[in-house]
Amino acid sequence: DYHEEDIDDSNFVTRPPVVTIMGHVDHGKTSLLDKIRSAKVAKGEAGGITQHISAYTVDQNGQKITFVDTPGHAAFSEMRSRGTEITDVIIIVVAGDDGVKPQTEEVISHAKASGCPIIVAVNKMDKESANMDMVKAQMAEREMTPVDWGGDVEFIGVSAHTGMGIDDLLENILLQSEVLELKADPSAKAKGAVVESLLEKGRGPVATIIVQNGTLKVGDNIVCDTTYGRVKAITNDQGKPVKQLGLSETGNVLGLNEVPVSGAVMVAQDSDKEAREIATTRAEHARAKELSKSTK
Ligand code: GDP
């Protein structure tokens, strides 16, 4: 079946890059994500800023960047296995006092395989024992050669404690993403991915969704893998109720019948009937597959 709308790119606009921060445990992923958010979200809008959240958008001199946390890499590998990689740019964080560790190596190979531009953030540069050249040498040995050593990987010294280097990091993300020419169509039917999900007492299933194409609106009928529902309410990354989420924006969505798995693809449908049918059929297939597995 041929749909003209599928090839109409006249509505395409540049969309903000989506960035993930990965690295060895304790090298400062969480601290960096929290520092970027608190440094870049306007005061007064900082409600709940002390609380760590899994996805948010910041404004760097009028240009937006969305950061997504990848808790335990679970959602991340789920998304990869479904071919719905959401990340445009990967930041590998390496503690400047600790250097490359086993999980850093894992992250390097994942990042290389993804084909995304990679930036190395050398964190904890506020510490006296931090050593940028040591990290560069260790990374260069793993084919992550710094630009100033003739390679093509940017290394940026940062401190999640003092905030040093964070502007550099954000500017660099924007430079890298410019080259990618990220485009999407805000008028298309909404499509995105579930970053995180949970069952909240009194509110039901809550899905943190990132919009990759189109605009997700309250009232939309959506399918997330085997779950479906009409979007009842959306709160943005500052916890405020909003009517819609635009390109590369994230927020919490209420209205699904069940809790979707992290990494699930979200697609808006024309009607609630369609949404229900697609999700129910998928759920049945999934059950049949489970059953055949258990009888083998
Ligand atoms: P994660 O496991 O990668 O998310 O690491 P965390 O963000 O939890 O940080 C691990 C530890 O390193 C915590 O005790 C942080 O306070 C500390 N830390 C993180 N970033 C910095 C930094 O820039 N400077 C210093 N001195 N300590 C940091």
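Below, all heavy atoms of this structure are taken into account, side chains as well, without hydrogens, waters or symmetry copies. Since this is a predicted model, take the numbers as computed values, not measurements. Numbering of ligands and ligand atoms starts at 1, following listing order.
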Determine whether [X] and [Y] fall in the same hydrophobic cluster, where Ile, Leu, Val, Met, Phe, Trp and Tyr are linked whenever their side-chain heavy atoms lie under 4.5 Å apart.
X    : Y    : answer
I278 : I222 : no
M164 : V120 : yes
I156 : L170 : yes

Exercise for the section: Measure from the side-chain N and O atoms of E249 to the backbone N and O of G246, and report whether any donor-acceptor pair falls under 3.5 Å. Expected result: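 Side chain of E249 to backbone of G246: a pair is present.
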Problem - More than 12 heavy atoms from other groups under 6.0 Å of NZ on K243 - result: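 Check fails, neighbour count at 12 or below.
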Exercise for the section: Please list, by chain and number, the protein residues whose heavy atoms come under 4.0 Å of ligand 1. Expected result: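 Contacts of ligand 1 under 4.0 Å: H24, V25, D26, H27, G28, K29, T30, S31, N123, K124, D126, K127, S159, A160, H161.
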Exercise for the section: Before accepting this row, confirm whether a basic side-chain N of the pair D237/R37 lies closer than 4.0 Å to the acidic partner's carboxylate O. Expected result: no
